[in-house]
Protein chains: 2
Amino acid sequence: MKDTEQSIIEAAILIFNEDLSAPLEKVADQAQVTRRTLHRYFKDRKELMDKCQKEIRKACAIAMSNAYNTTENPRERLEAMFYAGLDCGSKNTFLHKLHTLHDHKHQAANEECSEYDHTFELWKGNLQVLLTKGVLNQGMTVDWIHNFFQSVVVVFINSQQKGVLGRPEARELAWFSFSKGIGI
Amino acid sequence: MKDTEQSIIEAAILIFNEDLSAPLEKVADQAQVTRRTLHRYFKDRKELMDKCQKEIRKACAIAMSNAYNTTENPRERLEAMFYAGLDCGSKNTFLHKLHTLHDHKHQAANEECSEYDHTFELWKGNLQVLLTKGVLNQGMTVDWIHNFFQSVVVVFINSQQKGVLGRPEARELAWFSFSKGIGI
DNA sequence: GTAAAGTGTCTCATATCTGTGACATTTCGA
DNA sequence: TCGAAATGTCACAGATATGAGACACTTTAC
């Protein structure tokens with residue numbers, strides 16, 4: 001029964017991703033659990049949020065790292081890491097969202113920010129390689145591409161939620177939109 | 001002094017776009033106004049939210065309609081309406097977000113939903129024309145493109161908030177990413 | 001079958017959010 | 001400068017969210 005904690009975290013990521021200040025009752029409902037049970041696993045809102053971030057960073061960092069190591073070719077790495085990011089779904093986009101809030105001051109000194117930076121270190125590094133090689137469209141920046149990437153993940157998630165498009169088809173479309181959109 | 005109401009609406013769109021359940025105090029702060037003043041203009045949260053949606057739909061519908069009428073060429077219309085959507089910024093994306101929440105049941109019967117549909121009627125209609133003409137990538141759907149469009153607007157907004165990219169450059173990049181991403 | 005662990009239900013105290021009244025202060029136009 | 005409109009300050013009641021205790025019920029492991 002110890003995956004209750006995990007399912008609450010998953011639910012929280014889903015809910016908070018759409019509504020940062022949503023009442024905890026919504027999270028509990030999504031996890032099919034009582035609010036009382038939620039509080040047994042997480043002292044308060046902050047602790048739950050922290051666990052969410054930890055979970056997200058772990059999952060994304062592992063997925064990205066695995067994808068990175070499947071090949072040494074930067075172009076192939078891009079594609080592998082793109083699909084890995086897609087599969088992280090809302091974990092990916094939620095983490096990104098937290099660090100692009102308009103009142104969020106990003107600073108490497110902050111531990112959470114530096115962990116965020118580290119999560120996408122390999123990904124951004126590989127982008128930089130492709131940029132300097134001239135493989136991608138001139139005028140692109142690493143930040144633009146990274147934001148663009150996150151946005152495409154959102155599109156993918158939406159299409160999956162609506163269920164009108166199969167997962168493989170959506171993955172293909174996503175890669176098409178992303179790769180062409182950065183000038184490959 | 002009657003633009004206080006307008007500035008509160010703008011603030012609300014900015015805040016609610018990031019945090020749907022944010023306390024009204026945050027909106028008031030963003031608008032550099034007291035919560036008491038906010039309540040003088042808006043009876044309650046719901047009324048404020050409604051005014052936001054009305055404002056958004058008006059602005060987006062006008063912008064889209066104007067762009068539509070600048071030309072009769074579907075390909076040129078696409079570009080004109082794309083830029084119009086960009087300029088609507090977070091108004092555009094917030095409206096879209098409200099209608100893609102995972103627990104939102106979209107139904108034409110609902111007045112707000114039908115107004116939403118109407119706002120993007122011309123835009124989607126034009127997309128359909130381009131699709132049947134075979135101008136765009138096969139396998140694309142109107143919904144995918146529309147979601148993709150909304151996502152690119154988010155990327156554009158983020159880049160403007162960070163201020164690292166000039167507006168004209170960002171607009172060009174956005175159009176590049178969007179047009180290539182749908183197979184033009 | 002039994003004990004232990006996990007959950008649900010009910011309850012309650014506290015905190016935060018919300019909406020409004022009363023009145024002071026500021027702003028702006030005549 | 002004067003008066004009206006707009007806004008701020010403070011104070012308050014009601015609503016909602018939060019976190020935890022007490023105890024019953026269910027599930028799981030042995």
Side-chain angles (χ1 to χ4, degrees), chain A residues 1-56 58-59 90-91 94-95 97-98 101-105 112, chain B residues 1-56 58-59 90-91 94-95 97-98 101-105 112:
Chain A
M1 276 186 186
K2 199 53 194 242
D3 48 13
T4 299
E5 179 171 347
Q6 189 62 26
S7 73
I8 293 175
I9 290 179
E10 304 283 345
I13 292 173
L14 186 72
I15 296 295
F16 290 155
N17 191 33
E18 287 188 347
D19 185 357
L20 213 48
S21 300
L24 296 179
E25 184 115 37
K26 274 199 184 180
V27 176
D29 287 349
Q30 177 70 32
Q32 292 182 292
V33 141
T34 320
R35 194 166 59 85
R36 188 64 189 83
T37 296
L38 186 150
H39 279 299
R40 286 198 180 97
Y41 285 91
F42 305 96
K43 191 168 104 352
D44 55 20
R45 189 185 197 84
K46 181 176 178 332
E47 183 172 306
L48 173 57
M49 192 65 105
D50 288 347
K51 289 279 180 66
C52 284
Q53 293 206 49
K54 193 155 295 188
E55 159 65 26
I56 289 173
K58 202 185 66 180
S90 57
K91 291 186 182 177
F94 182 47
L95 180 57
K97 175 181 172 173
L98 290 177
L101 294 176
H102 82 281
D103 58 349
H104 174 79
K105 299 288 169 250
E112 289 193 350
Chain B
M1 280 188 185
K2 200 50 195 247
D3 48 13
T4 298
E5 179 170 348
Q6 190 61 25
S7 73
I8 292 175
I9 291 179
E10 304 282 345
I13 292 173
L14 185 72
I15 296 294
F16 290 155
N17 192 33
E18 287 188 347
D19 185 357
L20 212 48
S21 300
L24 296 180
E25 184 116 39
K26 273 199 183 180
V27 176
D29 287 349
Q30 177 69 32
Q32 290 181 293
V33 140
T34 320
R35 193 167 60 85
R36 187 67 187 84
T37 296
L38 185 151
H39 276 111
R40 286 198 178 97
Y41 285 92
F42 306 96
K43 189 169 100 7
D44 55 19
R45 188 187 196 84
K46 182 176 178 335
E47 185 174 305
L48 172 57
M49 191 66 104
D50 288 347
K51 289 280 179 63
C52 283
Q53 292 204 51
K54 193 155 294 188
E55 159 66 27
I56 288 172
K58 203 185 64 182
S90 59
K91 292 185 182 177
F94 182 46
L95 180 58
K97 175 181 174 173
L98 290 177
L101 294 177
H102 82 281
D103 58 349
H104 174 79
K105 298 289 168 248
E112 289 192 350

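Only a predicted model underlies this, so the values are computations on that prediction, with no experimental measurement involved. Quick note on labels: first sequence line is chain A, next is B, and so on, each numbered from 1.
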Checklist outcome for this item: Per side chain to side chain contact (heavy atoms under 4.5 Å, CB included), B:Met49 is matched among B:Leu20, B:Ile13, B:Asp44 by B:Leu20
Next on the checklist: So B:Gln6 and B:Glu10, do their side chains get closer than 4.5 Å, heavy atoms only?
Outcome noted: yes
Item to check | Distance, nearest 0.5 Å, that separates OH of A:Tyr41 from OG1 of A:Thr4 | outcome: 4.0 Å
Next on the checklist: Donor-acceptor pair, distance only, cut-off 3.5 Å: does the side chain of B:Gln53 make one with the backbone of B:Glu112?
Outcome noted: no
Item to check | Whole-Å gap separating C1' (D:dT7) and CZ (B:Arg35) | outcome: 15 Å
Item to check | Heavy-atom donor-acceptor pair, A:Lys97 side chain to A:Asn17 backbone, under 3.5 Å | outcome: yes
Checklist entry - Between atom CG in B:Asp3 and atom C1' in D:dA6, what is the gap in whole Å? => result 12 Å
Checklist entry - Listed in order of residue number, which residues of residues 42-49 of chain B have a non-hydrogen atom at under 4.0 Å from DNA chain C? => result B:Lys43, B:Asp44, B:Arg45
Next on the checklist: Using OP1 and OP2 only, check whether a side-chain N or O of B:Thr4 sits under 4.0 Å from D:dT7.
Outcome noted: yes
Checklist outcome for this item: Here the gap from A:Leu95 atom CG to A:Lys91 atom NZ, rounded to the nearest 0.5 Å, amounts to 11.5 Å
Next on the checklist: Expected output is a numbered-order residue list: members of residues 7-30 of chain B with a heavy atom under 4.0 Å from any atom of DNA chain D. What is it?
Outcome noted: none
Item to check | N-O pairing of B:Lys46 and B:Asp50 below 4.0 Å | outcome: yes
Checklist entry - Any side-chain N or O of A:Tyr41 under 4.0 Å from OP1/OP2 of C:dT7? => result yes
Checklist entry - Taking atom P of C:dC17 as reference, at what distance in whole Å does atom CG of B:Leu38 sit? => result 14 Å
Next on the checklist: Rounded to the nearest 0.5 Å, what separates atom OG1 in B:Thr34 from atom CZ in B:Arg40?
Outcome noted: 8.0 Å
Next on the checklist: Less than 4.0 angstrom between a side-chain N/O of A:Thr37 and OP1 or OP2 of C:dT7, yes or no?
Outcome noted: no
Next on the checklist: Counting neighbours of CD on A:Glu47 that are heavy atoms of other residues, nucleotides or ligands and sit closer than 6.0 Å, is the number greater than 12?
Outcome noted: yes
Checklist outcome for this item: Considering only heavy side-chain atoms of B:His39, the closest of D:dG19, C:dG6, C:dT18 is C:dT18
Checklist entry - With distance as the sole test, does B:Gln30 use its side chain to make a donor-acceptor pair with the main-chain N or O of B:Ile15 at under 3.5 Å? => result no
Produce the list of close N/O pairs, under 3.5 Å, pairing protein atoms with atoms of nucleotides 22-24 of chain C; give distances to one decimal.
none

Next on the checklist: Using side-chain heavy atoms (C-beta onward) and a distance below 4.5 Å, is A:Leu48 in contact with A:Phe16?
Outcome noted: yes
